[in-house]
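Quick notes on the structure that follows.
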Amino acid sequence: MSVAGRTVVGMRPNTEIERKVAPFEVVSPYRPSGDQPTAIAELAQRVTAGEKDVVLLGATGTGKSATTAWMIEKLQRPTLVMAPNKTLAAQLANEFRELLPNNAVEYFVSYYDYYQPEAYVPQTDTYIEKDSSINEEVERLRHSATNSLLTRRDVVVVASVSCIYGLGTPQEYVDRMVPLKVGEEFDRDALLRRFVDIQYTRNDMSFTRGTFRVRGDTIEIFPVYEELAVRIEMFGDEIEALSTLHPITGEVISDDQELYVFPASHYVAGPERMERAINDIEAELAEQLSSLEKQGKLLEAQRLRMRTTYDIEMMRQIGTCSGIENYSRHIDGRAAGSAPHTLLDYFPDDFLLVIDESHQTVPQIGAMYEGDASRKRTLIDHGFRLPSALDNRPLKWEEFLERIDQTVYLSATPGAYELSRSDGFVEQVIRPTGLVDPEVVVKPTDGQIDDLVHEIRAREERDERVLVTTLTKKMAEDLTDYFVELGIRVRYLHSDVDTLRRIELLRELRSGEYDVLVGINLLREGLDLPEVSLVAILDADKEGFLRSGTSLIQTIGRAARNVSGQVHMYADTVTPGMQRAIDETNRRREKQLAYNAEHGIDPEPLRKKIGDIVADIAREEIDTDALLETGYRQRDETGKQGKRGKGQEGKAPKEKAPTPARSSHARAGQLTDRPAAELAETIEELTERMRAAAAELQFEVAARLRDEVGELKKELRQMKEAGLK
């Protein structure tokens with residue numbers, strides 16, 4: 001198989017599954033405007049012509065996400081969109097789902113809420129054991145992504161750099177899939193054994209994802225990647241009917257002729273594969289022990305022998321062990337030093353890669369391998385792991401390039417790498433609203449604080465907001481204290497501020513609860529604050545990461561959503577970074593003003609609804625409490641209403657938890673045992689998980705849970721109105 005001019009053998013799975021073909025279709029009340037039509041046409045033309053690397057230089061607020069969706073509609077190709085972090089990935093996934101409602105828009109990020117990697121510090125002889133907490137909802141979304149990629153072509157996957165980490169063998173994942181078709185003969189007991197083999201668990205009492213239940217000739221299975229369950233009705237050894245149903249209400253959603261059930265884990269291995277892997281591990285262990293003993297490392301040899309033999313015994317007895325991913329090379333049957341299988345291997349050959357905020361994401365991709373390898377080399381040298389642990393890793397940069405074909409880079413400030421790979425760039429700097437880049441003013445540092453106070457007072461009178469960027473946390477806090485003394489309504493924002501509180505601070509700034517936000521980096525990329533008319537950059541001439549040309553251009557963009565936006569740089573000299581930022585901003589501004597004059601456009605203020613997932617969740621919680629207080633909670637012995645999932649002072653617990661197991665024993669605060677109470681309990685559990693997901697910035701998960709809670713509450717209210725108790 002040839003990819004990007006290179007020959008890469010055996011990466012894509014061989015499968016007889018026929019991917020469903022449905023057209024990508026953008027559904028939006030808006031049409032491309034400004035220079036979007038030109039950008040969309042040129043991007044599509046370049047990709048169609050076979051260009052391997054295309055750069056879209058899109059200024060802040062010009063609608064790069066919408067342009068990407070319209071480009072995908074023109075090209076009609078499966079697409080992977082990579083973002084630099086989970087938060088931006090979640091925002092992009094929501095935007096694409098709104099623009100492409102009839103297509104599969106999936107979300108693929110790391111499923112860890114908390115992750116402490118295994119490590120060893122030789123200087124202090126400190127071993128740090130791996131510790132992690134897995135988010136079950138994000139794990140479902142990851143399974144949903146691979147399922148969609150294998151069964152349909154109209155797929156957009158929005159992912160973080162997690163997509164270049166090992167994911168298990170796609171061929172084994174496909175080979176162990178269970179195809180179901182009406183009229184086919186399938187021994188019932190053999191079918192149940194197949195489900196167990198692909199890591200589903202039989203549970204006739206609690207029907208949750210990853211389980212199946214049996215009632216006579218009827219089998220119901222809840223795939224880990226779906227929100228709906230599957231019912232299989234047998235007549236003897238023949239599949240008589242297949243249907244998709246709601247797992248809680250049992251309502252049949254659709255009747256089907258053919259379905260596929262994929263494994264409950266991406267890491268599946270049959271008994272033959274596991275036995276072969278154990279033999280290979282034992283052979284490598286003997287070789288490594290001999291090497292360590294020859295070097296006189298007897299302590300390390302004994303440590304490795306004890307740890308590895310324990311892991312082998314666990315794999316033989318229960319099929320897995322702690323840290324089994326470190327043996328993935330042997331389980332996959334790969335050669336030493338070979339690349340792991342990743343999400344990229346699940347895509348068809350002609351997929352398109354879009355890298356958002358490429359100036360950040362491209363360096364991340366290149367850095368992942370070395371950071372991981374450095375930690376593991378220390379573990380291997382000191383007898384904690386076998387050398388094959390190095391092959392459980394992210395892709396190297398060269399391996400990443402081998403697995404992609406055509407790439408579109410999106411950024412307001414493309415990096416040197418992207419620009420060097422592309423033949424020029426496609427530009428998109430005209431905003432549909434007619435807004436232009438802000439005016440940049442350079443002021444001396446002498447008396448900068450007094451001047452800044454004067455500018456803040458002027459904005460307060462016009463009911464506008466101000467962002468102030470400093471270089472250190474200490475300066476941000478001291479400046480905030482000084483402004484408070486002057487009676488200015490101000491807050492500060494930096495890395496020590498809780499993640500959920502950061503989102504609340506931004507919403508409060510927009511709604512006018514305070515006027516000035518002081519920070520250091522101020523989330524340069526992706527921050528959308530139309531009320532901000534002034535961005536003040538203190539010590540702009542202190543050249544460094546925070547005052548580089550790229551950083552300054554991104555920071556200047558925060559004032560580009562306001563008609564009267566200005567940026568004040570306080571500096572005694574104009575550094576090369578400042579000059580680059582000023583020149584680029586003026587170039588864009590001149591082009592935007594010329595376009596507005598030619599088309600008779602008056603810039604319109606950007607009126608963006610002040611609301612976010614946090615506010616939606618707060619409203620949903622209040623509504624849920626009001627509904628459940630109408631008789632669905634049992635009082636405890638003191639007569640107080642019990643409330644599940646709350647800690648002291650009514651605060652939600654910090655630690656994440658999977659769906660709580662239901663108990664048949666009555667407890668204080670437990671829901672009453674009436675039939676409707678089962679639905680009410682599910683509502684309350686999902687509400688807790690929704691709150692926890694938002695606290696961890698898993699907005700895609702929180703939004704999905706919010707919608708699910710809303711639907712279940714409608715059903716509960718209907719039951720109440722019908723008098724069903």
Side-chain angles (χ1 to χ4, degrees), residues 32-43 54-67 357-359 409-416 418-419 422-443 455 459 464 467 469 524-530 532-537 540-541 547-571 573-606:
S33 58
D35 54 4
Q36 280 181 325
T38 306
I40 295 164
E42 189 174 349
L43 286 170
V54 183
V55 174
L56 173 63
L57 191 158
T60 300
T62 57
K64 294 190 289 292
S65 300
T67 296
E357 303 293 356
S358 60
H359 63 284
Y409 303 91
L410 310 181
S411 178
T413 53
E418 302 96 281
L419 293 173
S422 176
D423 181 16
F425 54 81
V426 179
E427 189 168 62
Q428 182 175 307
V429 297
I430 308 299
R431 297 181 179 87
T433 56
L435 288 171
V436 299
D437 275 29
E439 179 187 0
V440 180
V441 181
V442 179
K443 294 184 174 183
E455 296 292 343
R459 266 69 184 182
E464 296 172 349
L467 295 183
T469 66
R524 303 179 321 255
E525 293 83 3
L527 196 62
D528 191 358
L529 303 169
V532 171
S533 65
L534 173 64
V535 173
I537 304 174
D541 54 355
R547 298 293 182 262
S548 67
T550 297
S551 293
L552 289 172
I553 291 170
Q554 292 285 353
T555 305
I556 288 168
R558 298 318 107 203
R561 287 174 165 82
N562 191 287
V563 173
S564 55
Q566 279 193 333
V567 175
H568 291 183
M569 293 185 180
Y570 292 94
T573 59
V574 177
T575 64
M578 287 176 61
Q579 193 62 55
R580 178 192 161 205
I582 293 168
D583 290 347
E584 176 63 13
T585 301
N586 289 338
R587 183 189 72 82
R588 296 178 186 180
R589 183 178 169 86
E590 288 171 10
K591 185 173 181 179
Q592 293 157 352
L593 288 170
Y595 181 89
N596 288 351
E598 182 183 345
H599 294 83
I601 297 173
D602 288 324
E604 298 177 11
L606 187 58

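Numbers here are sequence positions counted from 1.
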* Is the shortest side-chain N to carboxylate O distance from R589 to E584 below 4.0 Å? -> no
* To do: Please determine which of E357, Q554, R580 meets the side chain to side chain donor-acceptor pair (under 3.5 Å) test together with T413.
  => Q554
* Verdict with supporting geometry, V442 and I582, side-chain contact (heavy atoms from CB on, under 4.5 Å) -> CA-CA 10 Å; V442 179; I582 293 168; 3.8 Å; yes
* Validation row: E455, K443 side chains within 4.5 angstrom (heavy atoms) -> yes
* Asked: Considering all heavy atoms of both residues, which atom of V55 and which atom of P414 are nearest to each other, and what is their separation?
  -> CG1-CG, 3.7 Å
* Test side chain to side chain contact (heavy atoms under 4.5 Å, CB included) applied to V436 and T585, N596, I430, the passing residue -> N596
* Structure fact -> Taking every heavy atom of T555 against every heavy atom of I537, the minimum-distance pair comes out as CG2-CD1, 4.1 Å
* Looking at side-chain heavy atoms only, is the closest gap between Q428 and T67 below 4.5 Å? -> yes
* Asked: Hey, does L552 have a side-chain heavy atom less than 4.5 Å from the side chain of M578?
  -> yes
* Asked: Side-chain contact, heavy-atom cut-off 4.5 Å: V426 with L57?
  -> no
* Partners passing ring-ring contact (aromatic ring centres under 6.0 Å, His included) against Y595 (at least two apart in sequence or in another chain) -> H599
* Under a 4.5 Å cut-off applied to non-hydrogen side-chain atoms, are L593 and E598 in contact? -> no
* To do: Using the side chain to side chain donor-acceptor pair (under 3.5 Å) rule, take N586 and E590 through it: C-alpha gap first, then chi angles, then the decisive distance, then the call.
  => CA-CA 6 Å; N586 289 338; E590 288 171 10; over 6 Å; no
* Asked: What's the shortest heavy-atom distance between A581 and G549, and which atoms?
  -> CB-O, 4.1 Å
* Given side chains that start at C-beta, do those of L410 and H359 come closer than 4.5 Å, heavy atoms only? -> no
* Any side-chain heavy-atom pair of V429 and D35 under 4.5 Å -> yes
* Asked: Under a 4.0 Å N-O cut-off, is there an ion pair linking D437 with R431?
  -> yes
* To do: List in chain and number order the residues that pass side chain to side chain contact (heavy atoms under 4.5 Å, CB included) with P32, two or more places apart in sequence or in another chain; answer none if no residue qualifies.
  => Q36, P37, I40, W70
* Asked: Which heavy atom in P438 sits nearest to a heavy atom in V567, and how many Å separate them?
  -> CG-CG2, 3.8 Å
* Asked: Any ion pair linking E427 and K591 (charged N to carboxylate O, less than 4.0 Å)?
  -> yes
* To do: Please step through side chain to side chain donor-acceptor pair (under 3.5 Å) for the pair Q566 and S533, ending with a clear verdict.
  => CA-CA 6 Å; Q566 279 193 333; S533 65; over 6 Å; no
* Taking the side chain as every heavy atom from C-beta outward, state whether L534 and H568 have any pair of such atoms under 4.5 Å apart. => yes
* Search all heavy atoms of V54 against all heavy atoms of S422 and return the closest pair with its distance. => CA-OG, 4.0 Å
* **Which atom of N562 lies closest to which atom of V532, heavy atoms considered** => CB-O, 3.2 Å
